[in-house]
Structures are given as C-alpha cells and as structure tokens.
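Once you've had a glance at the structure underneath, I'll fire off some questions.
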Amino acid sequence: MTDEKITIEDFIKVDLRVGKIIDAEEVEDSRKMLKLLVDIGEEKRTIYAGVKKSYSPEDLLNKLVVVIINLKPREMKFGTSDGMMLATQNNDEIIILQPEKDVMPGSKVS
C-alpha cells in the first residue's frame, strides 16, 4: 500500500467503463496472458490480461468487467493492449472485478 495520496482531479482523469468480453484466446508462448476482445459500448478493444492461471478463455466469454479505457496503448511482444481490466489477487488466485448487476457495456464507473 502506498502512502501517496491523489486528488479528486487525479481520480477523475481515470476513465473506468464496464466492458463485455466478447472473445478470449490464449496467447501463444505466454504462461500468464490472455488476449481479450472487449466491447466498451462505442467500440471494441483488444486487451491483454495476465489472468491465465485463474481463468480459461471460455470462463471469460460474455463476462462484464471494469476496464480503464484512457490508458495509452501498450506495445507488447504479442500485440498492442488498448486498456486494462481491473482485477485483484487473493493468495495465488486472480479475481476479476465485475459489476454486481447486468449493465450496458460502455457504462461509466464512478
């Protein structure tokens, strides 16, 4: 945990949206990564997520997740990741953060 505090202005800069995973596949030559195609309402984004040890591609299809959509795209050796899915970890298990109820892809999280 960090002791550094951010301002509300800093937090407002982070664009969190609900996304729906519409395609998922394993990344060849990676022990951790899955390639996800995420519907965020107005568009679809490719996001690489290091969740392979806890989720199979089939587990993630049609799941609603929380995504940061205003990160700069990140070039990786297997492609460009255009966002970040939020998750946490409990011991060795990765747990994806999901909305409690069904909401439309692209809905803003605040």
Side-chain angles (χ1 to χ4, degrees):
M1 185 179 281
T2 180
D3 290 331
E4 185 178 340
K5 304 290 184 205
I6 65 170
T7 67
I8 190 68
E9 289 79 16
D10 293 328
F11 177 74
I12 290 170
K13 292 177 187 176
V14 180
D15 193 350
L16 298 169
R17 300 290 176 110
V18 173
K20 183 176 184 177
I21 299 173
I22 57 175
D23 193 29
E25 60 187 60
E26 291 190 19
V27 175
E28 194 174 317
D29 298 328
S30 176
R31 293 174 302 149
K32 295 182 184 180
M33 302 301 259
L34 294 178
K35 179 181 178 183
L36 310 174
L37 184 59
V38 182
D39 178 353
I40 57 167
E42 68 269 3
E43 64 181 295
K44 294 166 183 57
R45 299 266 185 103
T46 298
I47 296 175
Y48 288 90
V51 299
K52 190 174 180 178
K53 71 178 179 180
S54 296
Y55 295 92
S56 71
E58 296 78 24
D59 292 336
L60 296 177
L61 284 179
N62 298 310
K63 293 265 190 222
L64 293 175
V65 295
V66 178
V67 178
I68 303 171
I69 66 166
N70 64 332
L71 287 176
K72 291 182 182 177
R74 181 174 177 204
E75 293 295 326
M76 305 176 95
K77 69 178 183 177
F78 23 79
T80 302
S81 188
D82 198 17
M84 180 182 284
M85 180 175 64
L86 299 186
T88 189
Q89 200 162 342
N90 184 24
N91 298 319
D92 284 341
E93 182 183 20
I94 297 170
I95 301 153
I96 294 171
L97 301 182
Q98 300 178 0
E100 180 181 335
K101 295 185 179 183
D102 196 23
V103 294
M104 293 295 296
S107 297
K108 189 153 179 65
V109 177
S110 55

Heavy-atom neighbours of Asp92 CG exceed 12 at 6.0 Å: no

Closest heavy-atom pair and its distance - Leu61, Asp23: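 Leu61 and Asp23 have their closest heavy atoms at CD2-CA, 3.6 Å.
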
Crowding at NZ, Lys53 (>12 non-hydrogen neighbours, <6.0 Å):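 For Lys53, atom NZ is crowded (more than 12 foreign heavy atoms under 6.0 Å).
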
Flag side-chain contact, heavy atom, 4.5 Å: Leu34 against Glu26: yes

Glu42 and Arg17, any side-chain heavy atoms less than 4.5 Å apart: yes

Side chain to side chain, Leu16 and Ile68, heavy atoms closer than 4.5 Å: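 The answer is yes; the side chains approach within 4.5 Å.
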
Any donor-acceptor N/O pair, Ser107 side chain to Val18 backbone, under 3.5 Å: no

Residue pair Leu64 / Pro99: nearest heavy atoms and the distance that separates them: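 Looks like O-CD, 3.5 Å.
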
Over 12 non-hydrogen atoms of neighbours within 6.0 angstrom of NZ in Lys52: yes

ILVMFWY network linking Met84 to Val66, side-chain heavy atoms under 4.5 angstrom: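 Met84 and Val66: one cluster.
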
Hydrophobic cluster membership, Leu86 vs Val109, 4.5 Å side-chain cutoff: yes

Which atom of Tyr55 lies closest to which atom of Ile95, heavy atoms considered: OH-CA, 3.5 Å

Check against side chain to side chain contact (heavy atoms under 4.5 Å, CB included), Leu36 and Met85: CA-CA 10 Å; Leu36 310 174; Met85 180 175 64; 3.8 Å; yes

Atom pair CG/CD1 of Leu60 and Ile96 - distance to nearest 0.5 Å: 4.5 Å

Closest approach of Lys20 to Pro105 (non-hydrogen atoms, all atoms of both residues): CB-CG, 3.8 Å

Ile40 versus Ile69, closest heavy-atom pair with distance: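 In terms of heavy atoms, the two residues are closest at CD1-CG2, 3.8 Å.
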
Non-hydrogen atoms of Ile47 and Gly83 that approach each other most closely: CG2-O, 3.7 Å

Euclidean distance, Lys32 NZ relative to Ile94 CD1, rounded to 0.5 Å: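 The NZ atom of Lys32 is 8.5 Å from CD1 of Ile94, to the nearest 0.5 Å.
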
Results of salt bridge (Lys or Arg N to Asp or Glu O under 4.0 Å) for Lys108 - residues two or more places apart only: Asp15

Main-chain N/O of Ile22 paired with Asp39 side-chain donor or acceptor, under 3.5 Å: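 The answer is no, because no donor-acceptor pair under 3.5 Å joins these two groups.
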
Separation of Gln98 CD from Ile21 CD1 (nearest 0.5 Å):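 Result: 8.0 Å between the selected atoms.
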
Phe78 vs Met33 side-chain heavy atoms within contact, under 4.5 Å: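 Answer yes - side chains close enough.
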
